[in-house]
Amino acid sequence: MPVPPVHVLVLGGTTEARRLAEHLVAHHPEVRVTTSLAGRVASPKLPPGDVRVGGFGGAEGLAVWAREHGVDAVVDATHPFAATMSRNAAEAAAQAHVPLLALRRPGWVAQDGDRWHTAGTLAEAAELLPALGERVFLTTGRMGLAAFAGAGLDALWFLVRSVDAPEPPCPARMEVLLDRGPFDLPGERELIRRHRIDVLVTKDSGGDATAPKLTAAREAGIPVVVVRRPPVPEGVPVARTPDEAARWVRRLYASG
C-alpha cells in the first residue's frame, strides 16, 4: 500500500512562503503542500500546490482545520509582524500535536551613515516623528495607519505606500502611492527627492525587496524610524531561509 504524502501547511503571504512551496512541489513529491493566505491583498501571487484563502477563526479553528485535513506539520511563514497569526499557529500546533517551524528572513542591520531610531510599536514611531521631520515617507503598509492619525501629527505630511488602498482613520495630510515591491534604488532616490522627504518610517521586515529605501535614506542623510519585530513565540524553532525550512520538512518524513 502506498504511503500517503506528508501534508505540510504553510501559513503564507511572503516571498519566503512562496519559494518554500515552489521548492517542495518541484522536488519532493512525498510532500503535499497547502499554502494558506490571509486574503488581505486583493490579487496575491499564488504559489504552487493547494491554496486556501481566509482566516481560520483563531487558534482553535486552525487546530480543527489541521486535524480535519490531516496536517502533519505547520510552517509559519507569515510576515515578521503578523504576531497574532504566529501566536495562533503556536497554540494550534500544540493543540493538534503537530510540529511547527517559523520561517523568518533575517532583519536589517544598520550600516555606517545610517540615522536609525528604533521603536517598539507604530504608536512609538509616531511619537518620534515631530522631532525628526515634517515630510514623512511611511512604508509600514495600510494596516495600522491610525497610529499616525492623531491630532499631534496634523502638521506633518505623509507619503503612504501600500499594495492596496488604506482605509480610515488615516493621517490628516497624506498622499497614497499604490505599489508593490520589489523596489529599486534609483526609484527610491527619486521618490525621496521629488516628494522632499525628510524622514522615513519602516518596519524591520528584512529581505531585499524593500531594502533600497534604506540605502536611499542613508544617501540623503535623512533619519529612519525602524519598528522592531515582535518575537517569535517561545519554544518555536526558526529557519532563516526557505532552504532551511525545506531541510526541516525533509527530516520529518525521513524519520517518519
Side-chain angles (χ1 to χ4, degrees), residues 4-24 28 30-40 47 49-50 52 54-109 118-124 140-141 143-144 203-207 226-256:
V6 174
H7 189 189
V8 177
L9 174 62
V10 178
L11 304 176
T14 60
T15 300
E16 289 75 21
R18 188 172 65 251
R19 288 177 179 168
L20 175 60
E22 290 170 348
H23 178 88
L24 292 176
H28 298 280
E30 312 91 340
V31 178
R32 174 191 170 196
V33 180
T34 298
T35 300
S36 176
L37 303 176
R40 290 178 178 171
D50 297 332
R52 70 172 302 280
F56 290 97
E60 184 174 347
L62 175 53
V64 169
W65 194 96
R67 288 192 293 264
E68 290 180 346
H69 291 80
V71 170
D72 298 294
V74 178
V75 178
D76 172 16
T78 56
H79 192 276
F81 282 83
T84 299
M85 188 66 238
S86 293
R87 287 194 300 271
N88 287 344
E91 294 176 16
Q95 292 177 27
H97 304 291
V98 296
L100 170 67
L101 176 76
L103 173 54
R104 293 288 186 273
R105 70 186 79 137
W108 291 316
V109 178
T118 60
T121 64
L122 291 176
E124 289 181 13
T140 56
M143 309 297 290
K203 294 177 179 177
D204 181 16
S205 300
V226 181
V227 182
R228 296 187 297 272
R229 297 178 175 189
V232 172
E234 187 175 356
V236 177
V238 178
R240 294 166 65 86
T241 66
D243 285 345
E244 286 184 22
R247 288 195 292 272
W248 180 83
V249 171
R250 287 199 299 271
R251 287 195 294 270
L252 289 180
Y253 67 75
S255 60

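Just the heavy atoms: all of them, side chains too, but no hydrogens, waters or symmetry mates, feed the values below.
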Heavy-atom closest pair, residues [X] and [Y]:
| X | Y | answer |
| --- | --- | --- |
| Leu24 | Val249 | CD2-CG1, 4.2 Å |
| Ala77 | Ala17 | CB-CB, 3.6 Å |
| Leu20 | Ala246 | CD1-N, 3.7 Å |
| Ala21 | Val33 | CB-CG1, 4.0 Å |
| Thr78 | Ser86 | OG1-OG, 3.7 Å |
| Gly12 | Leu37 | C-CD2, 4.0 Å |

- Query: What residues form a side chain to side chain donor-acceptor pair (under 3.5 Å) with Asp50, not counting sequence neighbours?
  - Reply: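 For Asp50, the residues satisfying side chain to side chain donor-acceptor pair (under 3.5 Å) (neighbours in sequence not counted) are Arg32.
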- Which salt bridge (charged side-chain N to carboxylate O under 4.0 Å, His left out) pairs, counting each pair once, include a residue from residues 54-70, with sequence neighbours left out?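 As it turns out, there is no salt bridge (charged side-chain N to carboxylate O under 4.0 Å, His left out) pair with a partner in residues 54-70 once direct neighbours are skipped.
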- With sequence neighbours left out, which residue pairs that include part of residues 71-81 fulfil the salt bridge (charged side-chain N to carboxylate O under 4.0 Å, His left out) condition?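 Applying salt bridge (charged side-chain N to carboxylate O under 4.0 Å, His left out) to every pair that reaches into residues 71-81, excluding sequence neighbours, yields Asp76-Arg104.
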- Item | Heavy-atom donor-acceptor pair, Asp204 side chain to Arg229 backbone, under 3.5 Å |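 Such a contact is absent between Asp204 side chain and Arg229 backbone.
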- Message: Are Glu30 and Val6 packed together at the side-chain level, in the sense that at least one heavy-atom pair is separated by less than 4.5 angstrom?
- Response: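 Heavy-atom side-chain distance check fails, nothing below 4.5 Å.
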- State, yes or no, whether a side-chain contact exists between Val64 and Gln95 at a heavy-atom distance under 4.5 Å.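 Not in contact.
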Going by the rule side chain to side chain contact (heavy atoms under 4.5 Å, CB included), which residues pair with [X] if we only count those two or more places apart in sequence or in a different chain?
| X | value |
| --- | --- |
| Arg247 | Asp243, Glu244, Arg250, Arg251 |
| Thr118 | Arg228 |
| Ala83 | Arg87, Pro230 |
| Pro99 | Ala73, Trp248, Leu252 |

- Worked verdict on Val98 versus Leu9 for side-chain contact (heavy atoms from CB on, under 4.5 Å): CA-CA 11 Å; Val98 296; Leu9 174 62; over 6 Å; no
- Would you please name every residue forming a ring pair (Phe, Tyr, Trp, His ring centres under 6.0 Å) with His28, sequence neighbours left out?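 Ring pair (Phe, Tyr, Trp, His ring centres under 6.0 Å) list for His28, sorted by chain: His23.
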- Task: Could you tell me which residues satisfy ring pair (Phe, Tyr, Trp, His ring centres under 6.0 Å) with Trp65, sequence neighbours excluded, listed by chain and number?
- Result: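 Scan of Trp65 (ring pair (Phe, Tyr, Trp, His ring centres under 6.0 Å), adjacent residues dropped) gives Phe56, His69.
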- Message: Strictly by ring pair (Phe, Tyr, Trp, His ring centres under 6.0 Å), give each pair with a member in residues 70-89 just once, sequence neighbours left out.
- Response: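 For residues 70-89, and leaving out neighbouring residues, the ring pair (Phe, Tyr, Trp, His ring centres under 6.0 Å) pairs sorted by first residue read His79-Phe81.
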- Does any pair with a residue in residues 8-17 pass side-chain hydrogen bond (donor to acceptor under 3.5 Å, both in side chains), and if so which ones, sequence neighbours excluded?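 Those involving residues 8-17 are Glu16-Arg105.
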